[in-house]
Amino acid sequence: MSRLLIRTPSQAQAVVDNLYGNMERRIAASPPGLCPVDMALNFLNLCHAQSCGKCTPCRVGLGQLSTLMRQVLDGEATMETLETIRTTAKVIVDSTDCAIGTNAAKLVLDGIEGFEDDYISHIKDKHCLGSLQNPVPCVALCPAGVDIPGYISLIAAGRYADAVKLIRKDNPWPIACAYICEHPCEARCRRTMMDNPMNIRGLKKFAVNNAGFVPNPPCAPKTGKKVAVIGGGPGGLSAAYYLTLMGHEVTVYERHKKLGGMLRYGIPAYRFPREKIDEEIANILSVGITVHTGVDVGKDISFDQLKAENDALYIAIGAQTDKKTGMEGEDSKNVISAVEMLGRIGDGDMPDFTGKKVVVIGGGNVAMDVTRSAVRLGAEKVSCVYRRRQTDMTALPEEVEGALAEGVEMLTLQAPVRIEADENGCAVALWTQPQVIGPMDKAYRPRPMKADLPENRIEADLIVLAIGQGVETHGFEQMGIQINRGSIAAQADSRIPAGEGIFAGGDCVTGPATAIRAIAAGKVAAANIDEYLGFHHEITTDVEVPTPRFNNKPPHGRVNLLEREAGERKKDFSCIECEMTEQEAMIESTRCLRCDYFGYGNFKGGRKEKW
């Protein structure tokens with residue numbers, strides 16, 4: 001008689017595993033705007049189903065919580081019910097035997113703290129606080145609100161120029177976003193429920209590179225109003241573009257030699273070719289924007305003069321100053337910031353790193369841009385030092401993978417301690433303290449802690465600090481503009497509270513963010529400056545979106561963009577990413593489920609034809 005048997009998965013287990021996969025995809029594709037109380041209840045029920053049932057707080061307590069929360073959703077609860085939910089969850093957290101019960105109850109407590117108003121709305125008003133005003137996930141998650149299903153359907157129809165026109169209604173930088181956008185629109189794509197999210201950025205790139213010349217819409221009649229924009233980056237030029245289309249006279253003041261902001265001075269050409277950014281800026285300026293480059297407002301022209309000469313001002317100076325670590329030796333020679341290095345490259349001043357050992361401190365996208373640029377500038381060895389794990393890096397995974405493929409060394413769980421300099425004051429090494437991963441912080445990222453290991457010495461000829469950027473606020477502070485924690489204080493509509501006719505937006509308000517967020521801020525500012533000036537111009541387009549077909553869309557693989565071979569691409573600054581073929585673009589564009597038309601999106605109007 002056999003003592004042991006080889007276990008093989010049963011058919012039932014295979015089906016359950018498939019259900020888990022489907023559940024995971026559906027959770028990942030949960031669109032914004034869903035009722036948070038309903039979502040919390042469903043997560044709670046899932047946790048309850050996973051309980052082993054050994055301890056009473058988990059077995060019985062989670063069931064009681066589920067019953068109480070169902071009363072809230074069914075309109076049968078009172079404010080005392082809410083307190084009972086809170087008390088019960090606290091008891092479970094304190095008394096359950098394992099993490100399943102603790103985390104499940106803590107999820108409920110976090111929900112009460114985070115969206116208590118939604119609970120109260122259900123209890124008092126008998127309905128959900130959420131309105132699902134924009135039920136199309138990709139549109140809702142695009143900061144600029146671009147009509148993504150619309151332009152994907154136009155690509156599928158072979159109307160690439162119309163696709164670009166439709167994008168420009170909400171975003172005048174379609175080329176830039178086709179190359180460098182972090183595509184938040186893909187995060188909750190409903191296609192994920194079936195297979196994988198749409199490759200939205202890849203389709204946009206195909207459209208902009210195959211559309212040919214696409215003219216801008218005509219400008220509205222002249223209003224006689226003047227607007228000054230301080231900053232010629234993505235946010236400032238977006239505001240200038242839309243304000244000019246509305247008929248206002250716009251002048252942009254930029255302190256750099258060229259326009260583009262961090263698109264030019266923060267993103268290397270291998271990601272966003274310089275001829276492409278020049279093409280995009282030329283198109284934006286073609287609507288009739290006046291530009292003054294090499295002008296530092298506050299030095300070359302006073303802020304008061306701009307206020308006197310214009311009816312409104314928009315401040316969009318970005319975040320282009322470097323941040324310091326405060327560690328010993330930071331002021332040594334051969335220690336530079338990522339802002340300084342990428343700024344030089346943006347101006348065409350290519351440093352020569354031939355034969356040098358370059359150490360980069362940081363783990364974000366800027367750090368990856370610096371490391372990969374250093375490789376292309378001839379560095380003998382490039383190391384990226386980060387105090388957390390590689391999986392905790394804030395850089396896009398594809399950027400980290402690309403850097404590794406090009407030979408960059410990732411030194412993770414190493415906290416920089418000091419910079420060693422020689423007798424001439426030149427940096428020769430970075431000393432780091434090894435770390436061990438620790439408990440989760442409030443953002444649910446594991447905190448690094450000091451490991452019981454000696455410090456490491458990393459030899460270096462050049463050390464680059466890529467730990468973040470700041471906002472140059474000193475001049476504006478002197479002008480009476482309120483500064484809040486190192487950023488300009490502006491309201492959600494871009495108005496500066498104490499400044500009549502003064503608006504601000506983008507990185508100088510939010511801190512360092514993405515290009516698409518700066519573009520969205522420029523769009524918001526344009527609309528509200530127009531209102532402030534006494535007008536209500538509307539931005540629209542004459543592009544007609546194709547009616548979708550009622551055809552079946554079975555599970556299908558996602559078309560991903562390819563890159564040039566690592567050994568070749570690391571030798572130059574030519575674009576590393578290939579674009580889709582026409583066949584690939586047709587396959588990928590027809591995967592779209594057209595959430596703007598089918599399902600709830602159709603009832604809610606799914607498409608905003610003007611703003």
Side-chain angles (χ1 to χ4, degrees), residues 32-33 114-115 117 129-131 133-134 140-146 170-172 184 225-243 246 248 250 252-253 261-262 297-298 303-304 306-308 310-321 469-539 608 610-611:
F115 42 84
D117 289 346
L129 189 65
S131 60
Q133 291 178 351
N134 198 345
L141 289 175
C142 173
V146 174
D170 300 287
N171 174 7
K225 299 294 184 179
K226 293 183 177 182
V227 181
V229 175
I230 305 173
L237 289 182
S238 295
Y241 175 82
Y242 290 122
L243 286 166
M246 294 171 183
H248 308 303
V250 183
V252 175
Y253 297 87
M262 294 307 284
V297 174
F303 192 74
D304 289 336
L306 287 183
K307 284 203 302 183
N310 294 273
D311 300 291
L313 269 68
Y314 180 53
I315 303 170
I317 58 173
Q320 298 191 34
T321 61
Q469 296 129 253
V471 181
E472 181 56 68
T473 60
H474 180 65
F476 294 98
E477 218 166 358
Q478 292 180 328
M479 299 166 195
I481 292 176
Q482 184 181 346
I483 305 300
N484 183 19
R485 295 183 179 180
S487 299
I488 295 174
Q491 299 171 344
D493 62 359
S494 299
R495 293 174 187 264
I496 291 180
E500 180 67 24
I502 304 175
F503 297 74
D507 290 3
C508 67
V509 172
T510 63
T514 57
I516 187 61
R517 291 198 175 278
I519 292 165
K523 173 184 171 182
V524 168
N528 292 319
I529 289 172
D530 184 59
E531 292 287 328
Y532 168 78
L533 296 175
F535 299 90
H536 187 76
H537 293 100
E538 292 180 335
I539 301 296
K608 292 182 179 178
K610 59 187 177 181
W611 58 269

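- Annotation for Pro512 and Ala319: closest pair CG-CB, 4.0 Å, computed over non-hydrogen atoms.
- Using a 4.5 Å cut-off on side-chain heavy atoms (C-beta onward), Ile483 and Val471 make no contact.
- Between Leu533 and Val227 there is a side-chain heavy-atom pair separated by less than 4.5 Å.
- Across every non-hydrogen atom of Ala521 and Gly506, the tightest pair is CB-N, 3.4 Å.
- Between Leu237 and Tyr242, every side-chain heavy-atom pair lies at or beyond the 4.5 Å cut-off.
- Looking at every heavy atom in both residues, Leu243 comes nearest to Ala526 through CD2-O, 3.5 Å.
- Counting only heavy atoms from C-beta outward, the side chains of Cys142 and Pro184 never approach each other to under 4.5 Å.
- Interatomic distance, Ile317 CD1 to Cys508 SG, rounded to the nearest 0.5 Å: 5.0 Å.
- Contact of the Leu306 side chain with the Ile230 side chain is registered, since non-hydrogen atoms from C-beta on lie closer than 4.5 Å.
- Here OG of Ser238 is found 11.0 Å from CG of Asp170. Values are rounded to the nearest 0.5 Å.
- A salt bridge (Lys or Arg N to Asp or Glu O under 4.0 Å) check over residues 492-515, counting only residues at least two apart or in different chains, returns the pairs Asp493-Arg495.
- Counting heavy atoms from C-beta on, the side chains of Gln320 and Met262 come closer than 4.5 Å.
- Within the 4.5 Å cutoff, no side-chain heavy atoms of Lys523 are placed close to those of Asn171.
- The two atoms that bring Gly236 and Tyr314 nearest to each other are CA-CE2, 4.3 Å, heavy atoms only.
- Looking at Phe503 and Asn528, their side chains come closer than 4.5 Å, going by heavy atoms from C-beta outward.
- Rounding to the nearest 0.5 Å gives a distance of 5.0 Å between CG of Leu313 and CZ of Phe303.
- For Asp530, the side chain to side chain donor-acceptor pair (under 3.5 Å) partners at least two apart in sequence or on another chain are His248, His537.
- Looking at every heavy atom in both residues, Ala504 comes nearest to Ala490 through O-CB, 3.8 Å.
- Separation of atoms CE (Met246) and CZ (Phe535) is listed at 11.5 Å; rounding is to 0.5 Å.
- Among all heavy-atom pairs drawn from Val252 and Gly231, the shortest one is CG1-O, 3.8 Å.
- To the nearest 0.5 Å, atoms CD1 (Ile315) and CD1 (Ile488) are separated by 4.5 Å.
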